[in-house]
There are 2 protein chains.
Amino acid sequence: MTRNNKKKLLDSKDYIPHLAYDSVIFGFNGTQLKILILEYHNTEFFALPGGFVKRGENLDDAVKRGLKERTGLDHIYLEQFHTFGSLSRSQPEIMRKILKENDFELKDDYWMFDRFISVAYYALINYDEVEPKPDELSDSINWYAIDELPPLMMDHRKIVEKALQVLRDNLERKLVGMNLLPPKFTMKQLQQVYECILGEKLRRTTFQRRLLGKNILERHEKLFQGKAHKAPYLYSFKVSNSERQKEDKELIHK
Amino acid sequence: MTRNNKKKLLDSKDYIPHLAYDSVIFGFNGTQLKILILEYHNTEFFALPGGFVKRGENLDDAVKRGLKERTGLDHIYLEQFHTFGSLSRSQPEIMRKILKENDFELKDDYWMFDRFISVAYYALINYDEVEPKPDELSDSINWYAIDELPPLMMDHRKIVEKALQVLRDNLERKLVGMNLLPPKFTMKQLQQVYECILGEKLRRTTFQRRLLGKNILERHEKLFQGKAHKAPYLYSFKVSNSERQKEDKELIHK
DNA sequence: GTATTATTGTAACAAAATGAGACAATAATA
DNA sequence: TATTATTGTCTCATTTTGTTACAATAATAC
């Protein structure tokens, strides 16, 4: 595509103006808690994956659509956690630069340059199942450990921090581990998820006793890792992922 | 005002389209947990107090403005808890009826008949300090006990239930009691707030020991109620209301 | 005055949950 | 066969919570 053949902008008629969403997509690589960050072409702007809501589309569905496009995954564990609506968060010059560097034809009154209120969601996905795909506007989409994030544009840093705070609060109640780990995992892996999210070390024996005491884990065969020590058992959550999500929904809409 | 002299509609130029807020305003009358519900003129529509966001206004400020108008109170404890964005929640015929019964001139393409996404907040206020005022559109605004609500319009019932669910989750962490009680209160009053929110009875001695153990209460003089038994002490929260809110804000925005 | 009544504050003991350390079991390796 | 690192579990101490008991006390009845 050449500079003379500009790309067509998204039509304002198709989208709800002033409303966007941003998603904090968490994954666990076995050691670190990471999130997906994209970088826009030629701008050095790092940002959370986000998008807009179509006029005939449920808010939740818009977010699911965006996640599907970026990760290829359906049925992702998703939770809305805050809506960011301050005036100061809108910076039209940033959006202008992004579109310009992506060879879009620009109009001064284009709807994307308006003020936006953004509904933020976090998603929990199985790191290994995903091959993130950059979209049309972005150079790359990559995993970044939560304590090694690049400088993020606009208020995206605040959004990530709020997501982490809510994730922590939900750690026990929502069985967060289930959505960040493969179906079968060792007790050590589960503990590492907890430690990454809480940002502190936990006592091994207490953790094991407490988790087993909850009666939510099923024990399976041992995992022989080829290491010179006793092999750990594999565990899975008793309630399946999808059932658990259904329960949460029922709680919400009851 | 006569039928010939129709009222002027709010101008779409002043407000962000498709975006509204609703507020679940909790108060405690000493026995029951209540919320403020308004009834629109001549419609039998019961609804949560809500409003719209001005184009040059922070989302949070819009909600504070609405609360101030309805309760006369500044510096209310306020927490955003969910954004409702499903397609099915929008019912333009309801808004049409409300405006019609209030003698507004109607236009078919009026912005208020569009789809709305609503950001929901809950507020905690001291029941006794407030004299709720109906606005232009509503006959009345009254306290209703949470288990004796009238049928609410649109999805407002769901909004209330979600508010209660979040309030429960926040009960310990956010010192909810502080904002629902007068500055000085008895242990029994505090326990009643907890019981109303949780919807279950608590054991008196355990509750007292646990709350005193937290070291957040200050003991003051006794309250002589003229009853034939030992007079209870009055307590207050050690951290003042406003300081506590500041802490929460810092947590959020840090 | 004195006994009665209802409620409050706290102590005392039991039960449950958690902290901290010890130790046997066990895969691979030397 | 001994060694090594890690895992699963046990034990005992500590803390928290559940439960019961009981003394203190403000008003009232007598």
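In what follows, every chain begins at residue 1, and chains take the letters A, B, ... in the order their sequences are listed. All values below come from the heavy atoms of this structure, side chains included, with hydrogens, waters and symmetry mates left out.
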Closest listed nucleotide, where the reference is the side chain of B:Thr205 and the choices are D:dT4, C:dT10, D:dT17: C:dT10
Output the rounded distance in Å from CG (B:Leu212) to P (C:dT8). 14 Å
Atom CG of A:Leu234 to atom P of D:dG8: distance rounded to whole Å? 10 Å
Across every strand shown, the nucleotide meeting Watson-Crick or G-U wobble geometry with C:dA30 (both distances under 3.5 Å) is D:dT1
Closest approach to the side chain of B:Tyr233, judged atom by atom: which nucleotide of D:dA26, C:dG9, C:dT10 is it? C:dG9
Would you give the length of the straight line joining atom OH of A:Tyr77 to atom OH of A:Tyr122, rounded to the nearest 0.5 angstrom? 4.5 Å
Can you measure A:Lys222 atom NZ to C:dA28 atom P for me and round it to whole angstrom units? 10 Å
Is it true that A:Lys188 and A:Glu195 make a salt bridge, defined as a side-chain N closer than 4.0 Å to a carboxylate O? no
So, does the side chain of A:Arg210 form a donor-acceptor pair with the base of C:dG19 at under 3.5 Å? no
Describe, in one word, how the ring planes of B:Phe46 and B:Tyr144 are oriented to each other, choosing from parallel (under 30°), tilted (30 to 60°) and perpendicular (over 60°). perpendicular
Whole angstrom value for the distance that separates C1' of C:dT8 from CD of B:Gln189: 14 Å
Out of D:dT19, C:dA28, D:dT6, minimum distance to the side chain of B:Thr206 belongs to D:dT19
Just to confirm, is there a sub-4.0 Å distance from OP1 or OP2 of D:dT19 to any side-chain nitrogen or oxygen of B:Arg203? yes
NZ of B:Lys214 versus P of D:dT16: gap in Å, rounded? 11 Å
Compute the centroid of each ring, for A:Tyr194 and then for A:Phe207, and state whether the two points are separated by less than 6.0 Å. yes
To the nearest Å, how far apart are A:Met187 CE and D:dT9 P? 9 Å
In whole Å, I'd like the distance from the CG atom of A:Leu223 to the P atom of D:dT7. 10 Å
With respect to the side chain of A:Lys230, which nucleotide from D:dA27, D:dT7, C:dA20 is positioned closest? D:dT7
Assign each of A:Gly226 and A:Arg204 to its nearest nucleotide of DNA chain C by heavy atoms, then name whichever residue's nucleotide is nearer the 5' end. A:Arg204
D:dT6 phosphate, OP1 or OP2: any side-chain N/O from A:Lys227 under 4.0 angstrom? no
Looking only at the side chain of A:Phe224 (C-beta and beyond, no hydrogens), which of the listed nucleotides C:dG9, C:dA20, C:dA28 gets closest? C:dA28
In whole angstrom, give the distance that lies between atom CZ of A:Arg219 and atom P of D:dG8. 6 Å
Below 4.0 Å: OP1/OP2 of C:dA20 and any side-chain N or O of A:Arg209: no
Phosphate oxygens OP1/OP2 of C:dT7: is one of them under 4.0 Å from a side-chain N or O of B:Lys188? no
Exercise: identify the closest heavy-atom pair between A:Gly27 and A:Leu180: CA-CD2, 4.0 Å
